Amino acid sequence: MKNWSRAVRTPLGLTGFGLLALTLFTAVFAPLLWGHQATSFDTDNMLAGASAQHWFGTDNLGRDIFFRVLVATRLSIALAVSATAISVAVGIVLGSAPMLLGRWLGRPIIGLVNTVVAFPGLLLVLFFAVVFGVGAQGAVLAVGFAGAPVFARLCHTLMAGVAGRDFVAAARVSGVGSGRILIRHVLPNIAEPLMVNATIGAGGVLLSFAGLSFLGLGVQSPAYDWGRMMQDGLTGIYVHPLAALAPGAAVIIAGLAFNLSGEAVARSLGVQIDVPWRAAVTPRRRRAPAAGARTGPDTDTDLVLDVRDLRVAFPHGDAEISPVRGVTFQVHRGEAVGIVGESGSGKSLTALAVADLLEFPARVDAERLTFLGADLRDGTGHRHLLGTSLAVVFQDPMTSFNPAHRVGAQLAEAARAHQRATRAQAWQRAVDRLRAVRIPDPRRRARQYPFEFSGGMRQRAMIGMGLMGTPKLIVADEPTTALDVTVQRQVLDMLQEVRAADGVAVILISHDVSVIAEVCDRVLVMYAGRVVEDLPAGELADGARHPYTRALVAAVPDMRSDIDAPLATIPGQPVDPAHVPAGCAYAARCPLADDRCRAQDPPLRTAADRSRVACWHAGEPLPILSDLAALEVDA
Amino acid sequence: MSATPAAAAEPGRATAWWQNRWVRFAARRLLRLLVSLWVLVTAAFFMVHLVPGDPVRAALGPLAAADVVAARRHALGLDDRLLVQYWHFLRDLCTGQLGDSIGTQLPVGQIIGQRLPATAELALLAFAVAMAIAIPLGAAIAALTRHGRARRTELAFAGSSVVLGAVPDFVLGVLLVFVFAVQLHWLPVAGRDAPSSYVLPVLALAIGPAAILSRIVRVEMLAVLDTDYLRTARAKRLSGLRIHLVHALPNAVTATLTLSGLLLGSLVAGTVLVENVFAWPGLGSSIVGSITNKDFPLVQGTVLVYGIGVLLINTVVDVALAVLDPRSTIGVD
Amino acid sequence: MSILSLHDLTVRYRHTVAVDRVDLVVPEGQIVGLVGESGSGKSSIARAVVGLAPVSGGRIALDGRDLPRRGRRRPVQMVFQDPYSSLDPRMTVGDSIAEAIPHRLGRAARRSEVERLLHLVHLDPARAGHRPGQLSGGQRQRVALARALAGRPEVLIADEITSALDVSVQGAILNLVRDMQRELGLSMLFISHNLAVVRYVASRIAVMYQGRIVEEGPTAEVLADPRDDYTRQLLAAVPTGAGGRRPVRSAESGCD
């Protein structure tokens, strides 16, 4: 119900519910207030046009059309609502058949429903109109039964969705019966979408009804609804258009009232208007700060990527949030740099920002953001440079290929776009690159669609796609998280191989410390949008100085962990980017934190060995962990 | 659980012809068509028998003599056992016989044959117009208004499409007649002769679906623009035009096509109302008369023709879908 | 506590055999780890044991007697992978747990039982009135654990219970699993794709590949001296976290 009241406060909902209230009000009160005017004959004014006395004129018996339209609201709405009620009731019964009656009885019912749904509603209405006969009562039954299959299917789909969730499985496992599951778990979870659809459905039913009466198959004289009035008015449209148009307008308004109300609630139910984290086309950039613009050209020829004070911001309500807050690092030729952190630490956004893949409304600012000497802050001038020299590998190989195109074509188009290759040359190169990433039988595979590839093969093909040009940097965002260990091994080896052969630099984003430790030379540890530690990968296990890094390493068992000691835990929850605390962001979860930590954010300081750490207590011994384990550790 | 789609395409596995996914797809789709057809035919048969009371008496009226009614019942085969009637109905259907109209005594097949072209013409033209408006419009609006850009454009589009989508076709027809025929005299009020007489009926039918469809295209396009594979396309630094036209649009249209089948179906049904507004000499203007006159053979025939039309449309859409999106051939029913 | 044993268990879905004649014993008071890649049939075993998947052949027994897989009293309970989907979003935490208590209790008794269970999984009993939406992933997984314990199970099945959680929370849940096993003497089938996690909690380990169990034995033994080829592959593939650059392997990694 919270959603309904929230929906009313949106402009859409306000319009919808306003119209709905008006319609219902008219339906209830119009016959009481104006019933007399609507039926009294004014024989002096038959088929009259609009006048002060009769705003919309009169019909062929001299009855006032304006009042007739108002009074007809009751019958029109009542018929529509009762027909909808029939549709929903029959729909719920049919839709829950598989759940209640079991699969053998339920499946044919759903099969029949699915067959009938394919026929358009009006055709079903006509069919049932024949069966139930011409007239208001027949029409209610006809429209009601004709609408039932749609609701049956909706119920079935919604129920199947809920029944497939683990909480229903969990209830079954604890011995809760089918009927009880339907009532306690399934129906409450589908009630809201069902009501929304019923509301929108009532709008549609209203139109069907008007159509049926318009055809002369619905309400019969002397009763009248809007459809009936339109039919009566149509014959005289030359002389007296309002007689047909006024009830038509009423149909539209009432239909809109139901539609908009339902739509508004549906929006507040389903659509998340939160921060588009995964948003990614051309980012709109702010002008680079003057200081950054004056930095001189690179002298370091091995430098592939140079990032200074990178910030990513999103609009959040009226304010702005910054999930990445001042990240600085460099990547050199052939170097593998890992970025670890919990979800929400900003590691993926950093990668996307570096790869120039963040889109409006994300805003990327940096004091310096250069790739192979080109300043990436100045917009779209580096399309070909990025297209040939920077490769990106994403997390989920199942969704990262376009399902509508052949794998080979998806590789080839990069060469076509950036290297002016002919179609045949580009295809040749695509096959060659697939071979390079050890796709067996690459000629045949290139002609296949992504769904014909396994996960590991797709991820290798994705690396192959990056190799279409001559990459200097591969940005890999959780490239193995979706894969099995053995396949992960192949993909990691592949990355290593590419790197060793061509001196390609790699940025590897992962939540898995052991993957990073194995593949990378250097690790950046991110927390709450900042780099809190930058150290050689080999020192992760023993040489980390930041308490967060140490906890992260100790919290995850690896093949060498002491199985007799409890694992380390990190109490509390990650920082919400909308509420970054003052001082060190990790202080609330840190066993070493003191007043200074909570007041002053520690800077990222470079030590003699070029490793960096941002902590006032870097390297100090941690208190015994097991004392903390008994607390409610992840409150 | 363990069977991934990819497992179906392991290299080197010999596949028999019946394992070919196109063959399987065609077989499954044909089976579904046949089942639907059977449901339709059976429903059309029982429709007449579900009418309370005696359909012949209902058709001829309370004043008709009892022996006339009995004779007509016999002529229509209504005094046979139900299963025998069903069997005769199926047999006649296979030889293309739909019986004679009670009202005009003409063969139903002949009446439908005369009127079907007008209806088919109207529905197909309207469908073409709706698609031609909806796909480019929806896609363009999606590209323009992503992530809350161009708020006003989005608002104007959303508002007008909601209103237009909510106007029933026959109300729109009446409105169009009033404006363009009665007031402006640009186009004829009714009938089917000169090309100009097609404009209003086609628009009355097409505008509503076009509005609904363009909203769907927009939503689908927005969803596609947020997919991982579109990000991959951007990571390849392709041109914006190529990203939208080659990578996004086909996928958005694939999803839209599924719904457009339903829409085309309802458009076929919509012709009934619009034909009545414009006195269009199609099936729609005859079915209404036959329902009120209880001319059951004609109703039965017309319902069958509409139903078969809808089934054919759905089949065509599924085949088109399979060609556009090869994944849809391996789904389960 | 009790011994769960599977004899010749087969689980078939339509055309695929997910579990192929598996024999497995979960001894009294021990944690048996079941590892293997996705699609190897681990979860099918779990679902078959608790009655969520069809048993096409073989037998599931508890202390030698056929395991009841229907009815109110279920001696085997299960914790699911995704705590965001395994709790009804419209039910309070307390109601979700109370629903799983098999015998009827008065209101007060039920409340104190829920409190006891929440306390057992190190959650504040005041959480009983909260809805899942107000809890973090780790807290939800604790609630799911409490619900499973509400049925007073003799055997607990944990199906990838840490893989949907953030790294910082995983450790806490694993600690909890070990504590509970020690305190309550639970027998447990612990399913995971992560060898390091299984190594940490399980005393015995079973390796599954393509629906069959290819190797089974005490954890230390299997890991130190794997007999089966697939187990060896699996062990070789685990990132060791050894640090620094691994030597690049030559062309031995073929297709999958």
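Side chains are part of it too, since the values below use all heavy atoms of this structure and drop only hydrogens, waters and symmetry mates. Throughout, protein chains are lettered first and strands after them, A, B, ... in sequence-line order, and every chain is numbered starting at 1. Keep in mind that what you see is a predicted model, and the values were worked out from it rather than measured.
The shortest side-chain heavy-atom distance between A/I252 and B/P168 falls under the 4.5 Å cut-off. A/E413 is listed as a side-chain neighbour of B/H247, based on a closest heavy-atom distance under 4.5 Å. At least one side-chain heavy atom of B/R231 sits under 4.5 Å from a side-chain heavy atom of A/L352. With contacts defined as side-chain heavy-atom distances shorter than 4.5 Å, the pair A/F214/B/V277 qualifies. Side-chain atoms of B/T232 and A/F394, non-hydrogen and from C-beta on, do get closer than 4.5 Å to each other. Taking the side chain as every heavy atom from C-beta outward, A/N114 and B/R32 never approach each other to under 4.5 Å. Side-chain atoms of A/M230 and B/F170, non-hydrogen and from C-beta on, do get closer than 4.5 Å to each other. Proximity of B/V246 to A/H405: side-chain heavy atoms (C-beta onward) are separated by under 4.5 Å at one or more points.
Taking both residues in full, the closest heavy atoms of A/L123 and B/G307 are given as CD2-N, 3.9 Å, listed atom of the first, atom of the second, then distance. The heavy-atom pair separating B/L273 from A/G211 by the smallest distance is CD2-O, 3.4 Å.
Heavy atoms closer than 4.5 Å to chain A are found in the side chain of B/V39, but not in its backbone. There is no contact between A/A391 and chain B, counting heavy-atom distances below 4.5 Å. Only the side chain of B/I287 comes within contact range of chain A, judged by heavy atoms closer than 4.5 Å. For B/A158, no part sits under 4.5 Å from any heavy atom of chain A, backbone or side chain. Neither the backbone nor the side chain of B/T227 comes within contact range of chain A; no heavy atom of the residue lies under 4.5 Å from a heavy atom of that chain. If you measure heavy-atom distances from A/H418 to chain B, the contacts under 4.5 Å come from the side chain alone. Heavy atoms of B/V299 lying under 4.5 Å from chain A belong exclusively to its side chain. Heavy atoms of A/M468 lying under 4.5 Å from chain B are absent altogether. Heavy atoms of A/L207 lying under 4.5 Å from chain B belong to its backbone as well as its side chain.
Among the candidates B/P250, B/A43, B/G240, the residue making the largest number of heavy-atom pairs closer than 4.5 Å to chain A is B/A43. When the candidates B/I313, B/L238, B/N314 are compared by the number of heavy-atom contacts under 4.5 Å with chain A, B/L238 comes out ahead. Listed options A/G216, A/S208, A/S400, A/G233 were ranked by heavy-atom pairs under 4.5 angstrom with chain B; first place goes to A/S400.
The OH atom of B/Y229 sits 9.5 Å away from the OG1 atom of A/T399 when rounded to the nearest 0.5 Å. In this structure, CD1 in B/I291 is found 11.0 Å from CZ in A/F127, a value given to the nearest 0.5 Å. Note that CG of A/N402 and CG of B/D228 are 11.5 Å apart. Values are rounded to the nearest 0.5 Å.
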Please step through side chain to side chain contact (heavy atoms under 4.5 Å, CB included) for the pair B/R237 and A/T388, ending with a clear verdict.
CA-CA 9 Å; B/R237 321 291 161 177; A/T388 48; over 6 Å; no
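When atom types are taken as modelled, the side chain of B/K236 and the backbone of A/A417 share no donor-acceptor pair closer than 3.5 angstrom.
Residue B/V162 forms a side-chain contact (heavy atoms from CB on, under 4.5 Å) with just one option from A/T15, A/L260, A/N259, and that option is A/L260.
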